[in-house]
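Input: a single structure, listed below in structure tokens.
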2 protein chains.
Amino acid sequence: MMRDSKLSGVLHILLHMAEAGRPVTSETLAGAMGTNPVVLRRLLAGLRERGFVRSEKGHGGGWTIACDLSAVTLRDVYEAVGEPTIFAMGNRSEAPGCLVEQAVNGALDDAFDEARTLLLDRFGRVTLAALSADFRERMASRKSRCGFDAGDAA
Amino acid sequence: MMRDSKLSGVLHILLHMAEAGRPVTSETLAGAMGTNPVVLRRLLAGLRERGFVRSEKGHGGGWTIACDLSAVTLRDVYEAVGEPTIFAMGNRSEAPGCLVEQAVNGALDDAFDEARTLLLDRFGRVTLAALSADFRERMASRKSRCGFDAGDAA
DNA sequence: CATCATGTAACATTTAACGTTGCATGATGC
DNA sequence: GCATCATGCAACGTTAAATGTTACATGATG
């Protein structure tokens with residue numbers, strides 16, 4: 001299994017919600033990406049706290065986008081899902097008394113910090129609106145829509 | 001547990017070996033970093049194949065450095081330990097038919113690719129000799145040596 | 001008030017890294 | 001030659017984090 005797909009998953013969901021234009025239930029969204037409604041609610045909880053999405057109970061309830069897609073970046077979403085660990089590699093011990101370990105960790109940490117900064121900067125420059133536009137371009141050439149019917153966005 | 005500490009671990013071991021200047025057994029090296037001799041042999045197997053280290057059996061056997069420390073970079077070592085996965089994040093599915101997923105994965109993959117390239121480039125610019133020099137500098141100021149006696153390198 | 005949908009805690013499953021055991025092979029020293 | 005040391009390696013056990021699942025409470029709608 002891929003290590004952590006929260007960011008990828010939640011972006012997928014957000015674009016689907018954006019296409020729908022009306023409340024979509026956790027069950028429908030979960031079905032669209034082959035997972036469980038509860039997993040989905042967990043994922044979206046962080047986004048709700050930040051006001052990126054809204055959830056409503058009862059008949060006709062579900063999830064809706066509650067933000068300007070051009071004002072939210074991948075970095076915002078990354079933070080909203082709890083800033084999951086970026087790297088699958090790391091040091092053996094965090095507070096090593098061994099000088100060899102210190103030298104090694106220092107070199108590795110420097111490199112990882114640089115890469116992390118680059119990645120987050122790049123995330124910060126991509127808005128949800130840009131992703132959505134990218135999707136619509138793909139739509140223009142092909143037609144499949146992942147088994148998920150966006151509703152009135154025909 | 002930290003995700004993958006092969007690179008960190010093997011670098012630690014290499015510097016210790018470099019300090020020793022004579023064969024060191026898996027058991028000694030494993031003791032120095034609080035792990036198991038078998039784990040260590042697994043780690044070093046890839047380095048042996050590439051000729052970075054040599055192993056000898058029998059009395060007085062063990063591991064020795066078999067390369068010029070200034071000619072081997074962190075990137076070489078990274079490759080020698082099997083190029084472990086760099087990122088802890090990834091896409092839900094690798095071959096998505098969903099156009100939304102394609103748009104999302106495309107954006108994320110671009111960012112990850114850039115970060116990976118930066119990281120590996122940086123690894124490629126750090127030699128084992130540089131790490132060793134860093135270690136010796138630290139030695140000059142303090143004195144602890146991680147419970148591992150390098151032998152004649154007193 | 002029946003039904004729908006979310007909120008959430010608790011538990012189960014899965015996967016990859018890591019650890020451990022057991023035994024084979026080869027080298028050294030007597 | 002033989003006891004001992006050390007690696008080589010396969011097979012299995014352990015563990016932690018992500019994800020999936022169940023169960024039940026809460027609130028909204030018709």
Side-chain angles (χ1 to χ4, degrees), chain A residues 1-10 12-13 17 20 22-49 53-64 66 78 81-94, chain B residues 1-10 12-13 17 20 22-49 53-64 66 78 81-94:
Chain A
M1 187 193 305
M2 189 56 75
R3 287 330 196 79
D4 182 318
S5 56
K6 287 193 200 69
L7 181 59
S8 167
V10 90
H12 187 168
I13 289 305
M17 284 169 57
R22 52 173 174 165
V24 189
T25 68
S26 301
E27 188 162 355
T28 303
L29 290 171
M33 61 182 288
T35 184
N36 191 291
V38 179
V39 173
L40 225 137
R41 292 186 193 117
R42 272 204 294 245
L43 257 183
L44 291 178
L47 298 200
R48 184 183 49 215
E49 283 169 20
V53 298
R54 186 165 27 227
S55 65
E56 282 161 319
K57 296 180 174 179
H59 284 276
W63 298 87
T64 42
Y78 168 73
V81 294
E83 306 192 19
T85 304
I86 292 176
F87 296 107
M89 308 171 58
N91 305 136
R92 296 193 58 85
S93 53
E94 273 315 320
Chain B
M1 186 192 307
M2 190 54 76
R3 290 328 196 72
D4 182 316
S5 56
K6 288 193 200 68
L7 181 59
S8 167
V10 89
H12 187 168
I13 289 304
M17 284 169 57
R22 54 174 172 164
V24 189
T25 68
S26 302
E27 188 162 354
T28 303
L29 290 171
M33 60 182 291
T35 186
N36 191 291
V38 179
V39 173
L40 224 136
R41 291 188 192 115
R42 272 204 292 244
L43 257 183
L44 291 178
L47 299 200
R48 184 184 50 217
E49 283 169 20
V53 299
R54 186 163 28 226
S55 66
E56 282 160 320
K57 296 179 175 180
H59 284 275
W63 298 87
T64 42
Y78 168 73
V81 294
E83 307 192 18
T85 304
I86 291 177
F87 296 107
M89 309 170 59
N91 304 135
R92 295 192 60 84
S93 54
E94 276 313 321

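Reminder, nothing fancy here: chain letters follow the sequence lines and each chain counts from 1. These figures come from a predicted structure and were not determined experimentally.
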Exercise for the section: Could you tell me whether the side chain of T85(A) reaches within less than 4.5 Å of the side chain of D4(A), counting heavy atoms only? Expected result: no

Problem - R54(B) side chain near W63(B) side chain, heavy-atom distance below 4.5 Å - result: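 R54(B) does not reach W63(B) side chain to side chain.
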
Protein-nucleotide distance ([X], atom [atom1]; [N], atom [atom2]), rounded to Å:
X: M17(B); N: dT7(D); atom1: CE; atom2: C1'; answer: 13 Å
X: M89(A); N: dA16(C); atom1: CE; atom2: P; answer: 17 Å
X: E27(B); N: dA6(D); atom1: CD; atom2: P; answer: 8 Å
X: I86(B); N: dA17(C); atom1: CD1; atom2: P; answer: 13 Å
X: L29(A); N: dA5(C); atom1: CG; atom2: C1'; answer: 12 Å
X: L44(B); N: dT7(D); atom1: CG; atom2: P; answer: 10 Å
X: L43(A); N: dT8(C); atom1: CG; atom2: C1'; answer: 15 Å
X: N91(B); N: dA18(D); atom1: CG; atom2: C1'; answer: 16 Å

Exercise for the section: Please test R41(B) against S26(B) for side-chain hydrogen bond (donor to acceptor under 3.5 Å, both in side chains), starting from the C-alpha separation and ending with a verdict. Expected result: CA-CA 7 Å; R41(B) 291 188 192 115; S26(B) 302; 3.2 Å; yes

Does [N] have its OP1 or OP2 closer than 4.0 Å to a side-chain nitrogen or oxygen of [X]?
X: S5(A); N: dT19(D); answer: yes
X: K6(A); N: dT19(D); answer: yes
X: R41(A); N: dG7(C); answer: no
X: R48(A); N: dT8(C); answer: yes
X: T25(B); N: dA6(D); answer: no
X: S55(A); N: dG7(C); answer: yes

Exercise for the section: Ignoring hydrogens and angles, answer whether the base of dG20(D) and the side-chain atoms of R42(A) contain a donor-acceptor pair closer than 3.5 Å. Expected result: yes

Handout entry: Side-chain donor/acceptor of K57(A) to base of dT26(D), under 3.5 Å
Key = yes

Handout entry: Within 6.0 angstrom of E27(B) CD, more than 12 heavy atoms from elsewhere
Key = no

Practice task
Looking only at side-chain atoms of H59(B), point me to the closest of dC5(D), dG20(D), dG19(C).
Solution key: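 My answer, after comparing the listed nucleotides, is dC5(D).
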
Practice task
Measure from the side chain of D4(A), starting at C-beta and using heavy atoms only, and say which of dA23(D), dA18(D), dT4(D) lies closest.
Solution key: dA18(D)

Practice task
Determine the contact category for T35(A): base if any of its heavy atoms lies under 4.0 Å from a base atom, sugar-phosphate if only primed atoms, P, OP1 or OP2 are that close, otherwise nothing.
Solution key: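 Here T35(A) touches the backbone only, sparing every base.
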
Exercise for the section: Mind checking G60(A) for me? I need base, sugar-phosphate or nothing, with any heavy atom below 4.0 Å counting as a touch. Expected result: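 The residue G60(A) makes no contact with any strand.
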
Practice task
Sort out for me which residue in L29(B), I13(B), L40(B), L43(B) forms a side-chain contact (heavy atoms from CB on, under 4.5 Å) with T35(B).
Solution key: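 Only match with T35(B) under side-chain contact (heavy atoms from CB on, under 4.5 Å): L40(B).
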
Handout entry: Along DNA chain D (nearest heavy atom to each residue), the more 5'-positioned of P84(A) and N36(A)
Key =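 Counting from the 5' end, the first nearest nucleotide belongs to P84(A).
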
Handout entry: 5′-ward residue of the pair G58(A)/V38(A) relative to DNA chain D
Key = V38(A)

Practice task
Just do the side-chain hydrogen bond (donor to acceptor under 3.5 Å, both in side chains) check on S8(B) and S5(B) with the steps written out, would you?
Solution key: CA-CA 5 Å; S8(B) 167; S5(B) 56; over 6 Å; no

Problem - Who pairs with dA3(D) - Watson-Crick or G-U, where each distance is under 3.5 Å - result: dT28(C)

